[in-house]
Amino acid sequence: MATNRRVSRVAELIRREVSQMLLTDIKDDRVGAGMVSVTDVDVSGDLQHAKIYISIYGTDEAKAETMAGLKSATGYVRREIGARVRLRRTPELIFIEDLSIERGTKLLSLLNQLDISDSDSDSDSDSDSDSDEKKENSSDS
């Protein structure tokens, strides 16, 4: 069993190498259908399995094509990882689509909508309080 430090170092090496492969080495046109980036790599404690989380920006069709291209290129990516990273055994690779960036974007847009609606209601209440003050001032005189 590898130490936590070694597991995290191997995960970072795999993340870096797969990111580089996505930019230059993988020739499958399906992989280039959307903007692709590696968000995280989760390596098991025995270094036998690695889950590679991929963020894909684009339409649903582009996402499906990209994931299909990555799944077909898994053997090539594993072979390249074995050649580039010095390990006794190259881990089995699993590509998983990471939807956290999309969820974060949706959440931010919802928060912005709430902020806009709050500022609209605040400006409405400010104008109401201004007119109330004017009424009080005119009744005092």
Exercise for review: Given side chain to side chain contact (heavy atoms under 4.5 Å, CB included), test Val38 with Ile54 step by step and report yes or no.
Suggested key: CA-CA 5 Å; Val38 178; Ile54 303 290; 3.8 Å; yes
Point to revise | Other residues, nucleotides, ligands: >12 heavy atoms within 6.0 Å of Asn4 CG | key: no
Exercise for review: Compare every heavy atom of Val43 with every heavy atom of Leu47, then report the nearest pair and how far apart it is.
Suggested key: CD2-CG1, 3.6 Å
Check your understanding: Under 4.5 Å between side-chain heavy atoms, hopping through other hydrophobics if needed: is there a path connecting Ile94 to Ile26?
Key -> no
Exercise for review: Would you kindly confirm whether Ile52 and Val85 end up in one hydrophobic cluster when ILVMFWY residues are joined by side chain heavy atoms under 4.5 Å apart?
Suggested key: yes
Check your understanding: Looking at residues at least two apart in the chain, or sitting in another chain, which of them share a salt bridge (charged side-chain N to carboxylate O under 4.0 Å, His left out) with Arg78?
Key -> Glu92
Revision key, fill the gap. In this structure, CG of Leu13 is separated from OG of Ser8 (nearest 0.5 Å) by 10.0 Å
Study note, to complete from the structure: Minimal heavy-atom distance between Thr90 and Gly82, with the atoms involved, is OG1-CA, 3.2 Å
Check your understanding: If you measure from CG on Leu93 to NE2 on His49, what distance do you get to the nearest 0.5 Å?
Key -> 11.0 Å
Check your understanding: Can Glu12 and Arg15 be counted as an ion pair, charged N to O under 4.0 angstrom?
Key -> yes
Study note, to complete from the structure: Between Gly69 and Val31, the two heavy atoms sitting closest are C-CG2, 3.8 Å
Exercise for review: State, yes or no, whether a side-chain contact exists between Leu87 and Val10 at a heavy-atom distance under 4.5 Å.
Suggested key: yes
Check your understanding: Does one hydrophobic cluster hold both Ile96 and Ile56, with members joined at side-chain heavy-atom distances below 4.5 Å?
Key -> no
Point to revise | Co-membership, hydrophobic cluster, residues Tyr76 and Leu70, 4.5 Å side-chain | key: yes
Practice item. Examine distances only and state if a side-chain atom of Ser55 and a backbone atom of Thr39 form a donor-acceptor pair shorter than 3.5 Å. Key: no
Exercise for review: Go through the structure and list residues passing salt bridge (charged side-chain N to carboxylate O under 4.0 Å, His left out) with Asp25, not counting sequence neighbours.
Suggested key: Arg84
Review point. In Å and rounded to the nearest 0.5 Å, what is the NZ to CG distance from Lys51 to Asp98?
Key: 12.5 Å
Revision key, fill the gap. Residue set satisfying side-chain hydrogen bond (donor to acceptor under 3.5 Å, both in side chains) with Glu97, at least two apart, ordered chain then number -> none
Check your understanding: What are the two closest non-hydrogen atoms of Ile14 and Pro91, and how far apart are they?
Key -> CD1-CG, 3.9 Å
Review point. Would a hydrophobic clustering, with Ile, Leu, Val, Met, Phe, Trp and Tyr connected at side-chain separations under 4.5 Å, put Met21 with Val41?
Key: yes
Exercise for review: Measure the spacing between CG of Leu110 and CG of Asp115 and express it to the nearest 0.5 Å.
Suggested key: 12.5 Å
**Study point:** Glu65 CD to Glu61 CD distance, which is reported to the nearest 0.5 Å
**Key:** 8.0 Å
